[in-house]
Amino acid sequence: MLSKEDQRRFEQITRQLRESDPKFFARLDHRIRARRGRWLMLLTVILWASLPAMTVLAGRTAGAACVVVLAANTGLMWHFRHRWR
């Protein structure tokens, strides 16, 4: 954890870099968004693969919970889809 002075200095350096090299920040932002997309896609694959086993082994309640999480994940992917292109 940075001290308040270090945090202020870091934000100042970041702001100067953003103003002096906007292409760098655009590339960095694109990489972060792509990483988020990969994690959401991985979560979707794992949940879809585990849904039948969870339903059989843990019952309908666990299967229903998995479906709710899948629906929320699908909603997030739908919301952020334009950023990943």
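In what follows, every heavy atom counts, from backbone to side chain, and hydrogens, waters and symmetry copies are set aside. Heads up: numbering here begins at 1 and tracks the sequence.
Hydrophobic cluster membership of Met54, counting Ile, Leu, Val, Met, Phe, Trp and Tyr whose side-chain heavy atoms lie under 4.5 Å apart directly or via other members: none, as it forms a cluster of its own. Grouped with Leu70 in one hydrophobic cluster are Leu43, Leu47, Trp48, Leu51, Val67, Val69, the linkage being side-chain heavy-atom contacts under 4.5 Å among Ile, Leu, Val, Met, Phe, Trp and Tyr residues.
Atoms CG and CD, from Leu17 and Gln12 in turn, are 12.5 Å apart once rounded to the nearest 0.5 Å.
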Worksheet entry | Evaluation steps, salt bridge (charged side-chain N to carboxylate O under 4.0 Å, His left out), between Glu5 and Arg8 | CA-CA 5 Å; Glu5 179 62 30; Arg8 187 189 64 75; 2.6 Å; yes
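For Lys4, there are no side-chain contact (heavy atoms from CB on, under 4.5 Å) partners at least two apart in sequence or on another chain. In this structure Arg9 satisfies the salt bridge (Lys or Arg N to Asp or Glu O under 4.0 Å) test with no other residue, sequence neighbours excluded. Taking Glu19 as the reference, nothing meets the side chain to side chain donor-acceptor pair (under 3.5 Å) condition, with sequence neighbours excluded.
Residue pairs meeting the side-chain hydrogen bond (donor to acceptor under 3.5 Å, both in side chains) criterion with at least one member in residues 65-75, sequence neighbours excluded: Thr44-Asn73.
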